Amino acid sequence: PAYRGPHWWWLNRTEKDDLAEEPWWHSGYEENEWYLVPGNPDAEWRHNRCLMFSHGLQAGYVENKSEGKWAGFAQDGVYLKRGESYTFRGLMQAAPPLPPDVKCIPLKGPSFEVRVALYPEGEFTDPIRSKTFQIEEYVYRPFSCTFENVGFEGRATFSVWIPPGKALNV
């Protein structure tokens with residue numbers, strides 16, 4: 001389960017309270033570090049501080065320089081219950097290639113597919129559920145998807161994947 005006794009005490013709430021309506025609500029899963037999914041040496045994951053972000057102070061950035069492999073970044077700590085639905089929301093932006101002499105970022109670029117997936121925690125061979133969508137704009141757009149979890153129970157990893165030769169800000 002996502003919260004234990006000390007968490008409820010720190011939040012000044014009880015397990016019966018509905019936290020989803022709180023303005024600070026994160027969703028109740030562990031907020032672990034994001035990391036690059038192993039297996040693609042031509043991929044890079046980093047945080048862009050004070051550049052190319054939408055809220056706050058930093059954004060995540062993944063770049064895939066591979067010619068044939070997809071690249072993913074992930075976060076562990078999502079506890080899934082059988083028969084429940086899970087909605088993930090965020091902001092995503094196609095990251096334009098920016099040579100040093102570029103002064104202006106175009107608003108649109110070539111469209112590409114982004115895949116989001118849930119896997120058993122740390123295992124990236126067989127997804128529990130996955131969805132794909134197209135992204136093409138060099139401006140942040142809201143992203144949302146709901147996964148129906150039919151049969152898996154336990155700890156899972158949420159991941160975002162991009163094709164070869166692409167980059168993404170989140």
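Just so it is clear, the structure is predicted and the values come from calculations on it, not from any experiment.
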Asks: Which pair of non-hydrogen atoms, one from Ala94 and one from Ile135, has the smallest distance, and what is that distance?
Replies: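 Heavy-atom minimum between the residues: N-CD1, 3.7 Å.
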Asks: Sequence neighbours left out, what passes side-chain contact (heavy atoms from CB on, under 4.5 Å) with Ser66? Give chain and number order.
Replies: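 If we apply the side-chain contact (heavy atoms from CB on, under 4.5 Å) test to Ser66, skipping adjacent residues, the hits are Asn40, Asp42, Asn64, Lys69.
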Asks: Applying side-chain hydrogen bond (donor to acceptor under 3.5 Å, both in side chains), name anything that partners Arg141, two or more places apart in sequence or on another chain.
Replies: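 In terms of side-chain hydrogen bond (donor to acceptor under 3.5 Å, both in side chains), with neighbours along the sequence ignored, Arg141 is linked to Glu137.
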Asks: Assess, by modelled atom type and distance only, whether the side chains of Tyr61 and Glu63 contain a donor and an acceptor separated by less than 3.5 Å.
Replies: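 A pair is found: one side chain offers a donor N or O, the other an acceptor, under 3.5 Å apart.
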Asks: Got a donor-acceptor contact below 3.5 angstrom from the Glu121 side chain to the Asp76 backbone?
Replies: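 Looks like no, no N/O pair under 3.5 Å.
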Asks: With sequence neighbours excluded, what pairs up with Glu153 under the salt bridge (Lys or Arg N to Asp or Glu O under 4.0 Å) test?
Replies: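 Salt bridge (Lys or Arg N to Asp or Glu O under 4.0 Å) check on Glu153 returns Arg82.
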Asks: Which residues satisfy the ring-ring contact (aromatic ring centres under 6.0 Å, His included) test with Tyr35, sequence neighbours excluded?
Replies: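 ring-ring contact (aromatic ring centres under 6.0 Å, His included) list for Tyr35, sorted by chain: empty.
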Asks: Determine, using the 4.5 Å side-chain heavy-atom cutoff (strictly less than), whether Val62 and Val114 are members of one ILVMFWY cluster.
Replies: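 Yes; tracing contacts between hydrophobic side chains, which count when under 4.5 Å, links both residues.
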Asks: Group every Ile, Leu, Val, Met, Phe, Trp and Tyr by side-chain heavy-atom contacts under 4.5 Å, then state whether Phe88 and Phe124 land in the same group.
Replies: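 Each belongs to a different hydrophobic cluster.
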Asks: Could you tell me whether the side chain of Ser130 reaches within less than 4.5 Å of the side chain of Leu118, counting heavy atoms only?
Replies: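 Side-chain contact under 4.5 Å: no.
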Asks: List in chain and number order the residues that pass side-chain hydrogen bond (donor to acceptor under 3.5 Å, both in side chains) with Thr132, two or more places apart in sequence or in another chain; answer none if no residue qualifies.
Replies: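 So Thr132 forms no side-chain hydrogen bond (donor to acceptor under 3.5 Å, both in side chains) with any residue.
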Asks: Atom CD of residue position Glu33 - does it have more than 12 heavy atoms of other residues, nucleotides or ligands inside 6.0 Å?
Replies: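 Counting other residues, nucleotides and ligands, CD of Glu33 stays at 12 neighbours or fewer.
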Asks: I need the Glu113 CD to Trp70 CH2 distance, nearest 0.5 Å.
Replies: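 With rounding to 0.5 Å, CD (Glu113) is 4.5 Å from CH2 (Trp70).
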Asks: Who pairs with Ser85 by side-chain hydrogen bond (donor to acceptor under 3.5 Å, both in side chains), at least two apart in sequence or on another chain?
Replies: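 Ser85: side-chain hydrogen bond (donor to acceptor under 3.5 Å, both in side chains) contacts with Glu148.
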Asks: Got a sec, which hydrophobics cluster with Val150, joining ILVMFWY side chains under 4.5 Å apart, including via others?
Replies: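 Val150 shares its hydrophobic cluster with no other residue.
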Asks: Rounded to the nearest 0.5 Å, what separation is found between the SG atom of Cys145 and the CZ atom of Arg115?
Replies: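 These two atoms lie 13.0 Å from each other.
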Asks: Of all residues at least two apart in sequence or in a different chain, which pass the side-chain hydrogen bond (donor to acceptor under 3.5 Å, both in side chains) check with Glu44?
Replies: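 Partners of Glu44 under the side-chain hydrogen bond (donor to acceptor under 3.5 Å, both in side chains) test: Arg46.
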Asks: Tabulate below the donor-acceptor pairs under 3.5 Å that side-chain atoms of residues 158-167 make, not counting sequence neighbours, or state none.
Replies:
unit_1: Ser159; atom_1: OG; unit_2: Ala117; atom_2: O; d: 3.1
unit_1: Ser159; atom_1: OG; unit_2: Trp161; atom_2: NE1; d: 2.8

Asks: With sequence neighbours excluded, tell me which residues meet side-chain contact (heavy atoms from CB on, under 4.5 Å) with Thr125.
Replies: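 In terms of side-chain contact (heavy atoms from CB on, under 4.5 Å), with neighbours along the sequence ignored, Thr125 is linked to no residue.
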Asks: Are Phe147 and Tyr86 close enough that their ring centers fall under 6.0 Å?
Replies: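 Phe147 vs Tyr86: aromatic centres not under 6.0 Å.
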Asks: Only counting residues at least two apart or in another chain, list the ones meeting ring-ring contact (aromatic ring centres under 6.0 Å, His included) with Phe133.
Replies: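 Counting only residues at least two positions away or on another chain, Phe133 forms a ring-ring contact (aromatic ring centres under 6.0 Å, His included) with Phe143.
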Asks: Under the side-chain contact (heavy atoms from CB on, under 4.5 Å) rule, collect the residues that match up with Glu123, sequence neighbours excluded.
Replies: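 With sequence neighbours excluded, Glu123 shows a side-chain contact (heavy atoms from CB on, under 4.5 Å) to Pro120, given in chain and number order.
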Asks: Can you name the closest pair of heavy atoms from Trp45 and Gly60 and give their distance?
Replies: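 In terms of heavy atoms, the two residues are closest at CH2-CA, 3.5 Å.
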Asks: What's the shortest heavy-atom distance between Ala156 and Ile128, and which atoms?
Replies: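 Scanning both residues, the minimum pair turns out to be CB-CD1, 4.2 Å.
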Asks: Any idea which heavy atoms bring Gln93 and Leu168 closest together, and the distance?
Replies: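 Looking at all heavy atoms of both residues, the closest pair is O-CD1, 3.3 Å.
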Asks: CG/Asn149 to NZ/Lys81 distance, rounded to the nearest 0.5 angstrom?
Replies: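 If I round to the nearest 0.5 Å, the distance is 11.5 Å.
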Asks: Ala74 and Val37: which non-hydrogen atoms are nearest, and at how many Å?
Replies: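 In this case the closest contact between Ala74 and Val37 is CB-CG2, 3.9 Å.
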Asks: Could you walk me through whether Val170 and Phe73 pass the side chain to side chain contact (heavy atoms under 4.5 Å, CB included) test, one step at a time?
Replies: CA-CA 11 Å; Val170 292; Phe73 61 97; 3.8 Å; yes
